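Note that the numbering runs from 1 along the sequence shown for the chain. As the structure is a prediction and not an experimental result, all values here were calculated from the model.
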Amino acid sequence: MKSFRPYKIILIFFLFCNVYALRASDFTTIYNRMYIQYSGNPSASSVTSILNLMGTNGNFTDIDYATTSGDPGTHVQRLSTLAQAYKNPSNANYNNADVKAKFLLSLNYWINTNHNASNWWYRYIDYPKGLSKGVTLMANEIKADPVLLDKTVKYLRWSFGNSSEGRLTGANGADIIIGSLIASILTENHNQMLQFKTEMDRLLSFSENEGEGIEYDYMFGQHSGYGRQVYIMNYGAEYLNSVLYYLEFCNGTQYNSTNLSVLENFY
């Protein structure tokens with residue numbers, strides 16, 4: 001019978017602690033970079049206008065939320081403005097309790113209503129990307145309400161979790177990852193971050209999906225189901241924008257993609 005060797009248990013314990021500390025450090029690094037990127041300094045008049053338009057339940061009185069033919073996404077943009085004002089020490093509304101309360105109220109309204117505009121793109125891409133900016137800035141305030149935090153994370157993560165392979169391609173795939181990223185950062189979800197890395201590695205490779213992304217001749221295609229369609233100046237530019245954000249946010253962490261040769265040659 002082998003003798004008991006407590007030093008092995010101690011070694012395993014310290015290895016586990018180091019791995020956990022590395023993950024925690026990575027999450028902090030990525031979050032801080034996102035915070036800086038999404039920060040801003042809106043005018044006091046723009047904040048006043050937003051607050052004056054807000055109803056008692058967090059809606060905005062000039063937005064038609066009932067229609068399915070329009071786009072109520074202005075709501076999300078206003079949330080980002082409120083968050084930037086509240087968090088910027090140079091802003092007249094810095095640490096303004098009313099701005100904080102109105103932000104949380106309006107965030108709760110938006111998530112509970114879960115608007116679906118006329119095109120799938122809004123719910124999958126536009127709304128999560130826009131909402132993630134304000135959520136990043138107001139993370140501590142949202143975390144103080146576990147119910148709101150849980151609903152917010154599920155809302156932002158929904159687009160990635162419900163995207164078929166056909167939607168996680170090219171610019172759309174990169175945008176969906178960026179819109180969902182903060183949800184996994186706030187919950188420090190290691191497995192979800194590895195999913196993002198895997199998908200980003202694929203998006204940074206030559207496209208195998210009928211011209212959705214970078215092809216072997218370095219053409220950028222999107223919506224090529226009925227023939228190759230060149231979209232370098234619109235979808236291609238959006239693809240580069242989101243991919244570069246991801247690479248910048250995750251640089252030096254275990255979640256970054258190192259599959260850069262195709263991107264470099266394409267660029």
### Query
Is the ring centre of Tyr235 less than 6.0 Å from the ring centre of His223?
yes

#### Entry: Any side-chain donor near an acceptor of the partner, Trp110 and Tyr155, under 3.5 Å
yes

#### Entry: Side-chain (Ser46) to main-chain (Pro42) donor-acceptor, under 3.5 angstrom
no

### Task
Provide the closest heavy-atom pair for Asp201 versus Ser257 in the form atom of the first, atom of the second, distance.
OD1-OG, 2.5 Å

### Message
Tell me the closest heavy-atom pair linking Ala44 and Ala92, and the distance in Å.
### Response
CB-CB, 4.3 Å

### Query
Considering only heavy atoms from C-beta outward, does the side chain of Tyr255 approach that of Phe27 to under 4.5 Å?
yes

### Where Val47 and Ala85 come nearest, the two heavy atoms and their spacing
CG2-CB, 3.6 Å

### More than 12 heavy atoms of other groups within 6.0 Å of Lys87 NZ
yes

### Task
Sort and list the pairs that fulfil side-chain hydrogen bond (donor to acceptor under 3.5 Å, both in side chains) and have at least one residue in residues 49-62, not counting sequence neighbours.
Asp62-Arg78

#### Entry: Taking every non-hydrogen atom, the tightest pair across Tyr124 and Asn162
OH-O, 3.3 Å

### Message
Is any side-chain heavy atom of Tyr65 closer than 4.5 Å to one of His75?
### Response
yes

### Separation between CD1 of Ile30 and OG1 of Thr253, rounded to the nearest 0.5 Å
4.0 Å

### Task
Could you tell me the separation between the NZ atom of Lys143 and the OG1 atom of Thr187, rounded to the nearest 0.5 Å?
9.0 Å

### Query
Can any side-chain N or O of Ser180 pair as donor or acceptor with the backbone N or O of Leu156 at less than 3.5 Å?
yes

#### Entry: Qualifying residue, where the test is side-chain contact (heavy atoms from CB on, under 4.5 Å) with Leu82 and the options are Met138, Lys100, Met54
Met54

### Test item: Asp126 side-chain N/O and Gly73 main-chain N/O as donor-acceptor pair under 3.5 Å
no

### Message
How close do Phe196 and Ser184 get, counting heavy atoms only, and between which atoms?
### Response
CE1-OG, 3.4 Å

### Thr136 side chain to Tyr38 backbone, donor-acceptor under 3.5 Å
no

### Query
Tell me, do Phe60 and Thr74 make a side-chain contact under 4.5 Å, heavy atoms counted?
no

### Query
Atom OG1 of Thr152 and atom CZ of Arg157: how far apart are they, to the nearest 0.5 Å?
15.5 Å

### Whether over 12 other heavy atoms sit under 6.0 Å from Lys151 NZ
yes

### Query
Taking side chain as C-beta onward, heavy atoms only, is Leu240 less than 4.5 Å from Phe266?
yes

### Task
State whether a side-chain donor-acceptor pair under 3.5 Å links Asn41 with Asn91.
yes

### Task
Verify whether the ring centers belonging to Tyr245 and Phe249 lie closer than 6.0 Å.
yes

### Query
Short question: side chain of Asn189, backbone of Gln192 - any donor-acceptor pair under 3.5 Å?
yes

### Query
Between the main-chain N or O of Gln229 and the side-chain N or O of Ser224, is there a donor-acceptor pair closer than 3.5 Å?
yes

### Message
Using only atom types and a distance under 3.5 Å, with no angle test, would you say the side chain of Asn88 pairs donor to acceptor with the backbone of Gly40?
### Response
yes

### Message
Could you measure the distance from the OG atom of Ser90 to the OH atom of Tyr94? Nearest 0.5 Å is fine.
### Response
9.5 Å

### Query
Who passes side-chain contact (heavy atoms from CB on, under 4.5 Å) against Thr113, sequence neighbours left out?
Tyr109, His115

### Query
Short question: side chain of Asn265, backbone of Ser261 - any donor-acceptor pair under 3.5 Å?
yes

### Query
Side chains of Asn172 and Gln222: does their closest heavy-atom pair fall under 4.5 Å?
yes

## Note on the structure
dist Arg33:CZ -> Ile185:CD1 (nearest 0.5 Å) comes out at 10.5 Å

### Task
Look only at the side chain of Asp175 and the backbone of Ile125, and say whether a donor-acceptor pair between them is shorter than 3.5 Å.
no

### Message
Between the side chains of Glu212 and Arg228, is the shortest nitrogen-to-carboxylate-oxygen separation below 4.0 Å, so that they form an ion pair?
### Response
no

### Task
Kindly compute the distance separating CZ (Phe103) from CG (Asp98), expressed to the nearest 0.5 Å.
14.0 Å

### Task
Assess Arg167 against Phe160: is NZ or CZ under 6.0 Å from the centre of the six-membered ring, and within 45 degrees of the ring's axis?
no

### Message
Among Leu204, Thr169, Leu244, which residue satisfies the side-chain contact (heavy atoms from CB on, under 4.5 Å) criterion with Tyr239?
### Response
Leu204

### Query
Would Phe206 and Tyr218 count as a close aromatic pair, with their ring centres under 6.0 Å?
yes

#### Entry: Donor-acceptor under 3.5 Å (Asn241 side chain, Ala237 main chain)
no

### Residue pair Leu247 / Leu260, side-chain heavy-atom distance below 4.5 Å
yes

### Query
Is the shortest heavy-atom distance from the side chain of Leu137 to the side chain of Ser39 under 4.5 Å?
yes

### Query
Is the closest side-chain heavy-atom distance between Ile176 and Ser163 below 4.5 Å?
yes

### Message
For a quick test of reading the model, state the closest non-hydrogen atom pair linking Leu203 to Gly170 and the distance between them.
### Response
CD2-N, 3.5 Å

